[in-house]
Amino acid sequence: MMLQIGIIGTGWFSKVHADNLAGAEGVKVKAFLGTSAEKAERIALPYGAAGYGDLITMLDKERLDAVYICVPPMSHGPIEEELIRRRIPFLVEKPLGLDTELPSVLMKQIGDARLLTSVGYHFRYQSSIGKLKDLLQQQRTGMMLGRWMDSMPGVSWWRRQNGSGGQFIEQTTHLVDLLRYLAGEVEEVYALYANRIKHEQVEDMEVADVGTVTLKLASGLVANISNTCALAGGTELTDIGLTFYTDQGVLDWDMKRLRFARSDEQTEYREQANPYVKETEAFLHALRTGDRSRIKSDYADAFRTQAVTCAALKSAVSGQPVRISNVTEC
């Protein structure tokens, strides 16, 4: 059957998903929703889709089998509520919002409706992450160090606390999610954030530009994930990855490869898959068949990642460790 898909948002992620959907068999990108009809119509034109500036109008006029939600963190809520009300499945880009209060309400509504969802933690779909997961199951991990060292995105909402939630919630959430996926649930966090550089360079800079978070997992594993958005220049300085220290050696992952170093040899696995394509394939398969087993992160699972990143913010503000079970809001 031909699946009719709508896309909410007109940024880079919307185009990534639209291109993948347009290249999939039996799929039609039917409509785009933007902050204005004009913006939506511009991005919709190459796909032969319609553009809308109002959610209700789009959903009333188009018969959509699913919707991709690609909006900033502060824009969640009404979109998901209307899709849940109409029983329209959706794939939503991370993070789920600015806090845990709204996502917890949406999660209950999704559960009550038994609605199909997927969340855009696309790194889970990398072939190297699958290999890393297999290797970790054969080893005993002592600790893990993660890093998201980067420059600051240029969009104005990102530098506002009530726009992005800060780097750990908006970006570094990917590493928190991978830690959970690879090593199990987080029980407690202790975070230190600071404003070191960007608040003197960028007007209206509210979010911290450096941070480090220590995480205690249910398994006993100790982890640390640090981030900064203070780097100057382009992607050549970017350093994003996870390093696991085990009883057999060192497993080091970044977006392009996985390296396994032991005392007598090193093995490197180059990334082969396009995780965005794999993510969409899993979602489309579930839409067609009802089989959700290929979806690696649904809304309920992603909520647990959201709870960890919000706990980190709460810890950074309070100066105290925060147990995840005690997190109700950021």
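Atom set for the values below is all heavy atoms of this structure, side chains included, hydrogens, waters and symmetry mates excluded. Everything numeric here is computed off the predicted structure, so don't read it as measured data.
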query = After noting the C-alpha distance and the side-chain angles of I5 and L64, does the key distance pass the side chain to side chain contact (heavy atoms under 4.5 Å, CB included) rule?
reply = CA-CA 6 Å; I5 309 295; L64 300 175; over 6 Å; no
query = Please, which pairs that meet ring pair (Phe, Tyr, Trp, His ring centres under 6.0 Å) have at least one residue in residues 60-79, sequence neighbours excluded?
reply = H17-Y68, Y68-F283
task = Flag the pair F123 / W253 as yes when their ring centroid distance falls below 6.0 Å, and as no otherwise.
result =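 That pair passes the under 6.0 Å test.
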If I take atom [atom1] from residue [X] and atom [atom2] from residue [Y], how far apart are they, to the nearest 0.5 angstrom?
X    : Y    : atom1 : atom2 : result
L106 : K108 : CG    : NZ    : 12.0 Å
Q248 : Q139 : CD    : CD    : 4.0 Å
T243 : D252 : OG1   : CG    : 3.5 Å
L251 : T141 : CG    : OG1   : 7.5 Å
D134 : I129 : CG    : CD1   : 11.0 Å
I69  : F13  : CD1   : CZ    : 14.5 Å

key: Reference residue P103; test side-chain contact (heavy atoms from CB on, under 4.5 Å); the match among L98, I110, L96   = L96
So, [X] side chain and [Y] main chain: donor-acceptor pair closer than 3.5 Å or not?
X    : Y    : value
S315 : Q320 : yes
R159 : G154 : yes
Q272 : R270 : yes
T228 : D209 : yes
Q161 : G165 : yes
T117 : Y299 : yes
K216 : R323 : no
N224 : V213 : yes
R87  : I84  : yes
T309 : I169 : no

ask   = Is the Lys NZ or Arg CZ of K296 less than 6.0 Å from the centre of Y121's six-membered ring, within 45° of the axis?
value = no
Looking at [Y] and [X], is any side-chain nitrogen of the basic one under 4.0 Å from a carboxylate oxygen of the acidic one?
X    : Y    : result
E281 : R294 : no
E170 : K94  : yes
E81  : R85  : no
D112 : R114 : no
R257 : E268 : yes
K28  : D65  : no

Do [X] and [Y] meet the criterion of a side-chain donor-acceptor pair at a distance under 3.5 Å?
X    : Y    : answer
E271 : S128 : yes
T280 : N20  : no
Y52  : E62  : yes
R147 : S226 : no
Y181 : D301 : no
E279 : S118 : no

ask   = Apart from M143 itself, what residues make up its hydrophobic cluster, given side-chain heavy atom links below 4.5 Å?
value = L145, Y245, V250
request  = Please report the C-alpha distance between R124 and D177 in whole Å, then the side-chain angles of each, then the deciding distance to 0.1 Å, and finally whether the salt bridge (Lys or Arg N to Asp or Glu O under 4.0 Å) criterion is met.
outcome  = CA-CA 9 Å; R124 290 190 179 205; D177 187 72; 2.7 Å; yes
ask   = What's the verdict on salt bridge (Lys or Arg N to Asp or Glu O under 4.0 Å) for R42 and E38, showing C-alpha distance, side-chain angles and the deciding distance?
value = CA-CA 6 Å; R42 280 197 298 271; E38 292 73 22; over 6 Å; no
request  = Step by step, work out the salt bridge (Lys or Arg N to Asp or Glu O under 4.0 Å) result for K61 and D54.
outcome  = CA-CA 11 Å; K61 191 167 183 180; D54 178 74; over 6 Å; no
D60 and T57: CA distance, side-chain angles, deciding distance, side chain to side chain contact (heavy atoms under 4.5 Å, CB included) verdict = CA-CA 5 Å; D60 283 347; T57 301; 5.9 Å; no
request  = Could you walk me through whether F168 and V176 pass the side chain to side chain contact (heavy atoms under 4.5 Å, CB included) test, one step at a time?
outcome  = CA-CA 9 Å; F168 203 76; V176 174; 3.5 Å; yes
task = Please lay out, stage by stage, how L242 and L179 fare under the test side chain to side chain contact (heavy atoms under 4.5 Å, CB included).
result = CA-CA 8 Å; L242 301 173; L179 176 62; 5.5 Å; no
